[in-house]
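In what follows, a single structure is set out as structure tokens and then discussed.
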Amino acid sequence: MESGYRISHYLRGYDPGFIARFPIRPCFTRGKFVQKSYRSSGFRGWEGPRLFFCCSSLSPGKMPLPSDCFSQQEDHQEFHLAEPCQVTGGVVALGKFDALHIGHRELAIQASRAGSPYLLSFVGMAEVLGWEQRSPVVAKCDRERVLALWAPYCGNIIPVEYQIEFSSVRHLSPRQFVERLSNELGVSGVVAGENYRFGYKASGDASELVRLCEEYGLGAYIVRSVMDRRQMSSNTGSKTDGLRERGQVSSTRVRHALAVGDMEYVSQLLGRPHRLVLAVGPEYLITGNRISAPKSCLLNQPPGDGHYGCCTALAGNVGVEQCIVTIDTTHVHTEFRDDVDFHVLELFQNCHIMGIDFGHSR
């Protein structure tokens, strides 16, 4: 591989075989004060310098290239952004970002170290590629809250999410995609995982991303995969998705853990409790201290059918009451303590969105 491009790679859990493929020199980041606000972590203190490796290049970096299968046809249409583009000068992390799990968070962390962090993802992939429609892991209305939880890890900056219609980029070659990130979005850096694939028939790999970015005067940041602590090596995906061999954290693993109701495992993969979000409607039935809602009200993927303790019910984003949750084939039942105040139940009946944070017991 040629020298002249830049890759930042953190020592924690590094793979010497991966590092050896690049001309490297050791560097140190500056220590900084951090305060993590997660309930599961009371950490507050000085985060010292971290050793990382970077290939020779002093220019800040960008590393484009998303999407798993673009076509080779020419396509001169512009990007279609879900919101007005304000990415100019920012550093974008690339991915599908369905589950917003700890692997995705690591991409945002790297982006924040290189500049203003953004998440750049694609919408409409299922429709274009004929995939089966699935409920999201994170409800659309809950994504801002999750990204706000990442701020303590990202220099107290909340990453901003931008989405591009997949149909507008599916025909781009790797070179065309990098060119558009540079010329039309004006990003100053791009971050992607070490296994990120892009371009026609997913032919592009990390080395090509770096090479193209260098050619366009951009820097590229390649982040090592975050590995699953449990090293669950089977029954989490197809033989072709690489999960069996590598064991990295993925949205597939999160979905599987949700389906079997292993909420402790889900929390480990997400870095936070899973929040189920329901749209409140006339279908809600309140009986005594129990609220029952049909699954048609769900805005994201629920845990598998079963009985869950140590949950917290929320009216909007406000935690209101501890509860026990039972999920069956048709409904989600939320049961409060026997002496629950009537006004609490009324609060849930009158809010627009109800949330349930799942604890670890079942």
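Arg180 contributes no side-chain N or O that, together with a main-chain N or O of Leu185, makes up a donor-acceptor pair within less than 3.5 Å. Of the possible donor and acceptor atoms, one in the side chain of Asn300 sits under 3.5 Å from a partner among the backbone N and O of Arg275. With hydrogens and angles ignored, the 3.5 Å screen pairs a side-chain donor or acceptor of Ser168 with a backbone N or O of Glu165. Checking side-chain atoms of Thr326 against main-chain N and O of His333 turns up no donor-acceptor pair under 3.5 Å. In this structure, the side chain of Lys295 engages the main chain of Asp328 through a donor-acceptor pair within 3.5 Å. Asn350 places a side-chain N or O within 3.5 Å of a backbone atom of Glu346 that can act as its donor or acceptor partner. Side-chain atoms of Asn289 do not come within 3.5 Å of backbone N or O of Val340 as any donor-acceptor pair.
Among residues two or more places apart in sequence or in another chain, the side chain to side chain donor-acceptor pair (under 3.5 Å) test is passed with Gln322 by Thr312. For His104, the side chain to side chain donor-acceptor pair (under 3.5 Å) partners at least two apart in sequence or on another chain are His101. Considering only residues two or more places apart in sequence or on other chains, Glu215 meets the side chain to side chain donor-acceptor pair (under 3.5 Å) condition with Arg175. For Glu264, there are no salt bridge (Lys or Arg N to Asp or Glu O under 4.0 Å) partners two or more places apart in sequence or in a different chain. Residues meeting the salt bridge (Lys or Arg N to Asp or Glu O under 4.0 Å) test with Asp339, sequence neighbours left out: Arg337.
The minimum heavy-atom distance between Ala151 and Ile158, with the atom names listed, is CB-CG1, 3.8 Å. The two atoms that bring Glu208 and Gly204 nearest to each other are OE1-CA, 3.3 Å, heavy atoms only.
Taking the ring axis of Tyr153 as reference, the NZ or CZ atom of Arg105 stays within 45° of it and closer than 6.0 Å to the ring centre.
Within the 4.5 Å cutoff, no side-chain heavy atoms of Phe97 are placed close to those of Leu120. Two residues are said to be in side-chain contact when any heavy atoms from C-beta on lie closer than 4.5 Å; Ile157 and Pro117 meet this criterion. Between Phe177 and Leu212 the shortest side-chain heavy-atom distance does not fall below 4.5 Å. Within the 4.5 Å cutoff, the side chain of Pro303 has heavy atoms near those of the Met263 side chain. Residues Val280 and Phe348 form no side-chain contact, since every pair of their non-hydrogen atoms from C-beta on lies 4.5 Å or further apart. With contacts defined as side-chain heavy-atom distances shorter than 4.5 Å, the pair Val223/Val191 qualifies. Between Pro159 and Cys154, the closest side-chain pair of non-hydrogen atoms falls below 4.5 Å.
Applying the 4.5 Å side-chain rule to ILVMFWY residues, one finds Val277, Leu299 in the same cluster as Ile353.
Using modelled atom types and a 3.5 Å distance limit, the side chains of Gln301 and Arg134 yield no donor-acceptor pair.
Within a 6.0 Å sphere centred on CD of Glu144, other residues, nucleotides and ligands contribute 12 heavy atoms or fewer. Within 6.0 Å of CD in Glu132 there are 12 or fewer heavy atoms belonging to other residues, nucleotides or ligands.
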